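The structure presented is a predicted model; accordingly, all values stated were derived computationally and were not measured.
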Amino acid sequence: MMRLFDTMTRTVRDLVPRGGKTFRFYCCGPTVYGPAHIGNFRTFVLQDVFRRSLELSGQATFHVRNLTDLDDKTIRDSQAVGTTLRAFTDHWRDRFHADCDQLNLLRPHLEPGAVDHIPHQIAMIAELMEKGHAYASSDGSVYYRVSSFKAYGRLSRLEHRELKEGASGAVVDDEYDKDSVADFALWKARRPEDGENYWESPWGQGRPGWHLECSAMCREYLGDRFDLHSGGVDLVFPHHENEIAQSEACTGQVMADHWFHLTHLLVDGGKMSKSLGNFYTLDQIEKAGFSPAELRYVLISAQYRQPLNFVAKDAEGNESFPALLGARQALQRLAKFDAALSERSGNPDTPTYDDLLAASEEASFQSALESLRNDLNTPEALGRVFTTIKALDASSLSPEEAARERRGFHRVLAALGLILPAAGEGESAAAPSEVIALAEERRAAKAAKNWPEADRLRAEITALGWEVKDNREGYDLCPKN
RNA sequence: GGCGAGGUCGCCAAGUGGUAAGGCCGGGCUCUGCAAAAGCCCUAUCGCGGGUUCGAUUCCCGCCCUCGCCUCCA
């Protein structure tokens, strides 16, 4: 049984699928107008760990995540580069998918987009108007009447807060026709800057408001009521508040039984922004020489409700990514442990995710799994993995014991979605022939116990930019850095 | 101004009403011709001031500081 904090009730609650068998949930996905940044991926990675933890605990899931392919930014930027909206968002969708694959994220079972669901959204607006929750303005836009929905503000505790006028710096010049400032657009009348991106509706040409797509797609694919809805904390208000207002006013039912929100990633102690130069994409992380697995490790190193400070710059202010460097070391240790168990068990095959889903849970490494089930405590799970590893002496295990421990170990790794680096890493491979020749000479000198000569040859190799490391069989050559 | 989160070892980060997981870095040791690698070991009393309690880092009050959100940013 998995337990998770619920934003609506502000308590940790058991997750029980309402329909019985399958746990059905919706995650607000990315706006596809550029590459996602590592902050976006903190959210998606932890949602992925959430899903994996459920599935590896024997709970079937149905995961829907939308792609926002219709909003001010996608329209604006597609026109800026002179392509159709569809071509533009397809391009960034593909990039997003590639990044997700790199980060070992399970694909959602469904990934709907707003543009393909215009009729659903129009139907919902019509229903809201019928029921008195929406009104058309003189310019052909339609707004949701917030005052008509009694429960508005429950999720974000809006009743206890005051909105500071213009605090967000947003300009609302195109919404002068609203009855109340709190009302939000369900349908936005066509504007010249929208170009060809408009649709016909009973209220004239235009396009749906942003909040509506999720309500419409949730209803289409998950029904009037489903198990859990998730997104970044910034979506609590207004996005999720507005979704609730739209959906529940239509259906008269509770939209989602659980609200799962993920705290933002900070970079070097502050919010990520392009102007601060701390805005990182997966691509940039890889260009700096780090792997997606290393980034994933960093992203799960704090509990999802805590702010995570991603350290990019070291104490001297150099962009050396100490956090990723640390992750590399940690993953390397896990890989070595795995290699030792693998050897001991006599089975080199790594269990796949599907193997693990089919198999029953082992007692080994169970405490780490328990951490994940307890409000998705990823750092505690990692801590328990290392504690368990330290307590285990692989060389004293029987092959059967080693195999069992390894299955438990891999279940935790699979829940965290961690892929281990190859144990050997940095193999010799592509050293130039002259370096190899020197290394061979040195091996001969060593065999003859001619230490001065061996050290002299190592110095020569070092001068050529290579490092020679002895091991049982002979030596490895690595580029020196 | 309102709402919310947070201040735990050099860095990241768990946790608990009874004297604080783990990772990285650093230091020591073992092992190796040396080196590397690997393994082992070591390093905090939990922002400040009160209170409750036999006992608080963990509960309550006040203060200081940091960060996020406040209508289309995960």
Side-chain angles (χ1 to χ4, degrees), chain A residues 10 27-31 36-47 68 71-73 146 156-170 172 175 178 181-185 188 209-213 230-239 241-242 261-266 269-273 297-298 301-303 305-311 314-315 322-334 336 340 368 371 377-390 393 426 446 449-452 454-455 458 462 467-472 475-476 478:
Chain A
R10 315 263 162 164
C27 299
C28 288
T31 300
H37 59 249
I38 60 175
N40 294 311
F41 283 121
R42 182 189 188 193
T43 295
F44 300 133
V45 163
L46 282 158
Q47 286 168 338
T68 293
D71 77 329
D72 290 349
K73 295 186 294 283
V146 166
S156 61
R157 302 189 159 178
L158 189 66
E159 65 274 23
H160 298 309
R161 69 157 101 191
E162 297 168 15
L163 293 181
K164 185 170 181 177
E165 202 71 33
S168 69
V172 290
E175 300 188 346
K178 295 192 291 188
V181 285
D183 293 352
F184 56 91
K188 303 180 106 166
W210 174 54
H211 306 296
L212 193 57
E213 64 173 285
S230 177
V233 273
D234 57 300
L235 298 184
V236 173
F237 183 85
H239 185 56
E241 203 70 81
N242 291 354
H261 289 106
L262 299 103
T263 301
H264 281 181
L265 179 75
L266 301 177
K271 193 181 179 181
M272 209 178 337
S273 78
Y297 186 96
V298 172
S301 68
Q303 206 255 357
R305 279 199 278 148
Q306 303 299 337
L308 169 60
N309 185 23
F310 176 80
V311 181
D314 61 26
L324 288 165
L325 234 26
R328 171 171 299 171
Q329 294 305 319
L331 283 168
Q332 202 61 238
R333 272 185 64 190
L334 296 176
K336 295 207 168 110
S371 294
N377 197 332
T378 48
E380 186 178 76
L382 285 171
R384 289 179 171 180
V385 165
F386 281 102
T387 302
T388 305
I389 285 177
K390 200 189 268 185
D393 176 15
K446 273 186 60 181
K449 294 203 189 297
N450 185 350
W451 311 129
D455 289 346
R458 173 160 49 204
T462 304
E467 196 167 5
V468 59
K469 295 175 178 175
D470 296 336
N471 57 37
R472 300 146 290 290
Y475 57 85
D476 279 328
C478 324

In this structure, how many angstroms lie between the [atom2] atom of [N] and the [atom1] atom of [X], rounded?
X	N	atom1	atom2	answer
A/Phe386	B/C40	CZ	P	12 Å
A/Arg384	B/A14	CZ	P	14 Å
A/Tyr297	B/G22	OH	P	12 Å
A/Phe310	B/A74	CZ	P	19 Å
A/Arg10	B/G4	CZ	P	7 Å

Quiz prompt | Pairing string, 5' to 3', for RNA chain B - Watson-Crick or wobble contacts under 3.5 Å, brackets [ ] where pairs cross, | to another strand | solution = (((((((..(((.....[...))).(((((.......)))))....(((((..]....))))))))))))....
Which part of the nucleic acid, if any, lies within reach of [X] when heavy atoms closer than 4.0 Å are counted: base, sugar-phosphate only, or nothing?
X	result
A/Ala302	sugar-phosphate
A/Gly39	base
A/His211	nothing
A/Leu308	sugar-phosphate
A/Gly209	nothing
A/Gly326	sugar-phosphate
A/Gln47	nothing
A/Asn377	sugar-phosphate
A/Leu262	nothing

Quiz item: Does A/Thr378 have any side-chain hydrogen bond (donor to acceptor under 3.5 Å, both in side chains) partners at least two apart in sequence or in another chain, and if so, which?
Solution: none
Quiz item: Under the 5.5 Å and 30° test, is A/His264 stacked on the base of B/G68?
Solution: no
With 3.5 Å as the limit, what N/O pairs link the protein to nucleotides 43-46 of chain B?
none

Between [N] and [M], how far apart are the two [atom1] atoms, rounded to whole Å?
N	M	atom1	value
B/G22	B/C9	P	15 Å
B/U16	B/U8	C1'	12 Å
B/C34	B/C29	P	14 Å
B/G68	B/U53	P	40 Å

Give the nucleotide from the list [options] with an atom nearest to the side chain of [X].
X	options	answer
A/Phe237	B/C70, B/G22, B/A13	B/C70
A/Glu380	B/C73, B/C12, B/A14	B/A14
A/Ala330	B/G23, B/A74, B/C12	B/G23

Quiz item: Do A/Thr263 and A/Arg305 have a side chain donor and acceptor closer than 3.5 Å?
Solution: no
Quiz item: For every nucleotide of nucleotides 31-39 of chain B, 5' to 3': is a protein heavy atom under 4.0 Å from its base (B), only from its sugar-phosphate (S), or from neither (-)?
Solution: --BBBBSS-
Quiz prompt | First encountered from the 5' end of RNA chain B, between A/Ala381 and A/Asn309 | solution = A/Asn309
Exercise. Between A/Lys271 and A/Gln306, name the one whose nearest nucleotide on RNA chain B is closer to the 5' end.
Key: A/Gln306
Quiz prompt | Set of residues satisfying ring-ring contact (aromatic ring centres under 6.0 Å, His included) with respect to A/Phe44, sequence neighbours excluded | solution = A/Phe96
Self-check item: For A/His239, ring-ring contact (aromatic ring centres under 6.0 Å, His included) partners two or more places apart
Solution: A/Trp210, A/His211
Self-check item: Under 3.5 Å: donor-acceptor pair, side chain of A/Glu241, backbone of A/Ser156
Solution: yes
Quiz item: Roughly how far, to the nearest 0.5 Å, is CG of A/Leu265 from CE of A/Met272?
Solution: 5.0 Å
